[in-house]
Protein chains: 2
Amino acid sequence: MVVATLKQVAAHAEVSVQTVSNALNAPHRLRPDTLARVNASIELLNYRPNRNARSLRTSAVELIGYCVPSWPNQTHLVMDQFLHALCAAAERTGRHILLFTAPPGVEGMPVYDDLHARRLVDGFVLSQTETRDPRHGWLKEKKIPFVSFGRVWKESTQPGAWVDVDGAAGSALAVRHLYETGRRRIAFLSWPKTSGLAEDRLDGWRSTCAELGLPTAGLAVRCREDTFAEGARATAHLLDSPEPPDGIVALSDILALGALRELTRRNLTPGRDLGVTGFDDSPLADVAAPGLTTLRQPMDEIATHLITTLTTQSHAAHLLHPTLVVRGSTAPG
Amino acid sequence: MVVATLKQVAAHAEVSVQTVSNALNAPHRLRPDTLARVNASIELLNYRPNRNARSLRTSAVELIGYCVPSWPNQTHLVMDQFLHALCAAAERTGRHILLFTAPPGVEGMPVYDDLHARRLVDGFVLSQTETRDPRHGWLKEKKIPFVSFGRVWKESTQPGAWVDVDGAAGSALAVRHLYETGRRRIAFLSWPKTSGLAEDRLDGWRSTCAELGLPTAGLAVRCREDTFAEGARATAHLLDSPEPPDGIVALSDILALGALRELTRRNLTPGRDLGVTGFDDSPLADVAAPGLTTLRQPMDEIATHLITTLTTQSHAAHLLHPTLVVRGSTAPG
DNA sequence: CTGAAAGCGCTTACAG
DNA sequence: CTGAAAGCGCTTACAG
């Protein structure tokens, strides 16, 4: 299919190519009648500006790189939600998302560098941020634009802009909700200490319990990995203790589902006998009987902040708040 | 960050830009010593070819468009697997995936057209193919390159190339596996008739049951939507019938999980009292107690075929085979 | 095997 | 308000 060029439109409208370019990029510079004539030609010839030519000239490709994560042991159940939100937010600014794969950590950085140097992307959205994530410093030093979904934890400052969801606030919402439904011994299912995300959410649980005068000693359990079996194992451990909990805040929907499974196995009814909450409002939450109360991340808000922060090259930091989606797993006890 | 250009490399190596370009794109044309000198300069100056300039000249962007799906009621639990495989396959040919959003059906076609006309992408990978999907014909008529993941069902021929997984073969694997573990009344949980995917898998169930001399009458249930609750409802209906089944092949992991829930609710043990299988090997399959036997789509193979078919512009059709992943839900009865 | 030149389709100062 | 010209960084026939 052959497409019209600026030159052809100019010839058709009997103006210079410059004027057609202005009609597109700075219409206020044209006299109304000229603009109308040019627009008519554009319409008639079904003209679409060649983005490569534009990018070559302006050295901006309007493409944002995003590394598609692949974890062997970790499932990303809300990735489709995130990607859709990110894509929609990018499109609202005339941009698009370019997907790529790269090894994790610093080993993947040459891939980022290459994509940027070859002008395939203007910058990057980072996610799956890890403790002392090496990517941020690396990109900053190379002066490659980026924004991070997730903080580099336990650092007062971190290189570059970031957007994140307040995990401690999430735990607080969960604990208070369980408290309001009558729970007084609320446990926490966590991940290994290496996860900053886990520490943040754990802190929220601990401080909120303290505020409400609830016990925490012996009620935090570390799971080895984010699996159903680990959630069940940790729950079994808690239930077998001398003073079992009546509420469980789990760090993820998967751990929470593991907890639900263990309850069911012991003929306990989630919601009635024990309140359970998860994190992320993944599709799982709706699938589990009797529905999992969970913390939803504001995906559209996250995506919008990521894109605007990246494209304005601001060094902003946005800490957003999750919301609690209440389902059967925390029916009043 | 300022990057070196071809011109600068040429000056440094004391050759013409043409020779540097050849060193990159047709190294065999250079004398070995010239090539070595040019490569040394490329290395030294850390030269990376500007892709926009290249694309402008060759009018190929090496980018493949993929529309990120968003369903209100349908969860796509293996999308991260699919996207990662697709991305990796594209990169093996020096290409990348560009993500975009578009309204479903024919209303979204102007978006596809625009992306192609503005040279943001060379072509498209279509997924979530629907019965009489209007996109295929539309793209073909516009001569926009594409390949479809999924057949336009119930048509002997369809516009363009496609790759798909044989759903009937999947059902056959599931039925035979259940048969081998002692099941003799195998039911099928389906979707509404509008889904070609559902009809394909249903047919496989029906014909394999016939081959094995198993009954099918009254054993196929249509679920209204792909939810946990619908799977449970259909299972309840089957279990309440005069002749309840001893095996269930579900059209999706979600329906299968619904079935498992209903079994558990009735104090039946999946695997022991009834065999249950799903489709897709989503993360759910590993999460459900006691593990869901399910049909895995060969993601890497799918992705590789999609990319090579699209980039070679062939009109190939590839029907791939799923594999059965056996877990506790079909433990011998 | 190597080089000079044209051109891909835009945008951007700069004149008029 | 409009236009002629240069140039973004490559590749591609075409000579030599």
Side-chain angles (χ1 to χ4, degrees), chain A residues 1-39 41-42 45-63 94 114-122, chain B residues 1-39 41-42 45-63 94 114-122:
Chain A
M1 199 178 63
V2 66
V3 269
T5 68
L6 205 55
K7 205 170 169 182
Q8 293 169 324
V9 176
H12 186 271
E14 296 179 316
V15 293
S16 69
V17 290
Q18 146 85 309
T19 299
V20 181
S21 180
N22 279 337
L24 256 25
N25 302 314
H28 59 273
R29 288 196 198 159
L30 302 204
R31 231 171 35 212
D33 59 324
T34 314
L35 181 58
R37 201 168 76 245
V38 172
N39 280 337
S41 296
I42 287 175
L45 298 178
N46 192 24
Y47 170 69
R48 252 62 81 74
N50 181 316
R51 183 68 147 264
N52 294 312
R54 176 174 218 281
S55 294
L56 176 57
R57 192 57 238 255
T58 64
S59 72
V61 283
E62 322 275 81
L63 249 37
D114 203 54
L115 287 169
H116 183 254
R118 288 159 63 206
R119 309 303 311 133
L120 268 88
V121 303
D122 295 326
Chain B
M1 199 178 63
V2 67
V3 268
T5 67
L6 204 56
K7 205 171 169 181
Q8 293 169 324
V9 175
H12 186 272
E14 296 180 316
V15 293
S16 70
V17 291
Q18 145 84 313
T19 298
V20 182
S21 180
N22 278 337
L24 257 24
N25 303 314
H28 59 274
R29 288 196 199 159
L30 302 204
R31 232 169 36 210
D33 60 322
T34 314
L35 181 58
R37 200 167 78 245
V38 172
N39 279 337
S41 296
I42 286 174
L45 299 177
N46 192 24
Y47 170 69
R48 252 62 82 72
N50 182 315
R51 183 69 147 263
N52 293 313
R54 176 174 219 282
S55 295
L56 176 57
R57 193 56 240 253
T58 64
S59 72
V61 282
E62 320 275 81
L63 250 36
D114 202 54
L115 287 169
H116 182 255
R118 288 159 63 207
R119 307 304 310 135
L120 269 90
V121 302
D122 295 326

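Side chains are part of it too, since the values below use all heavy atoms of this structure and drop only hydrogens, waters and symmetry mates. Numbered from 1 within each chain, the chains take letters A, B, ... in sequence-line order.
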Open item on the list: I'd like to compare against my own output: the B/S/- annotation of nucleotides 1-7 of chain C with a strict under-4.0 Å heavy-atom distance to protein.
Closed with: SSBB-BB
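Under the 4.5 Å side-chain criterion, counting only non-hydrogen atoms from C-beta, L63(A) is not in contact with L120(A). Annotation: side chain of L6(B) is in contact with side chain of S21(B) (closest heavy-atom distance under 4.5 Å). Considering only heavy atoms from C-beta on, L24(B) comes within 4.5 Å of I42(B) through its side chain. Taking the side chain as every heavy atom from C-beta outward, R118(B) and N50(A) never approach each other to under 4.5 Å. A heavy-atom distance below 4.5 Å is not found between the side chains of V9(A) and K7(A).
Rounded to a whole Å, the CZ atom of R54(A) is 5 Å from the P atom of dT11(C). Straight-line distance from the CZ atom of R119(A) to the P atom of dC10(C): 20 Å, rounded to whole Å. At whole-Å resolution of the value, CG in L6(B) and P in dT11(D) are 7 Å apart. When the P atom of dC8(D) is taken as reference, atom CG of N50(B) falls 11 Å away, rounded to whole Å.
For R119(B) against V61(B), the heavy-atom pair with the smallest separation is O-CG1, 3.1 Å. When every heavy atom of D122(A) is checked against every heavy atom of H116(A), the shortest pair comes out as O-CD2, 3.6 Å. Looking at every heavy atom in both residues, A13(A) comes nearest to R37(A) through O-NE, 3.0 Å.
A close approach under 4.0 Å does not occur between any side-chain nitrogen or oxygen of T58(B) and OP1 or OP2 of dT11(D).
Counting only Watson-Crick and G-U wobble pairs whose two key distances fall under 3.5 Å, DNA chain C forms stems of three or more stacked pairs at C:1-3 with D:14-16, C:5-12 with D:5-12, C:14-16 with D:1-3.
Residue N25(B) is in sugar-phosphate contact alone, with no base atom involved, counting any heavy-atom pair closer than 4.0 Å across all strands shown.
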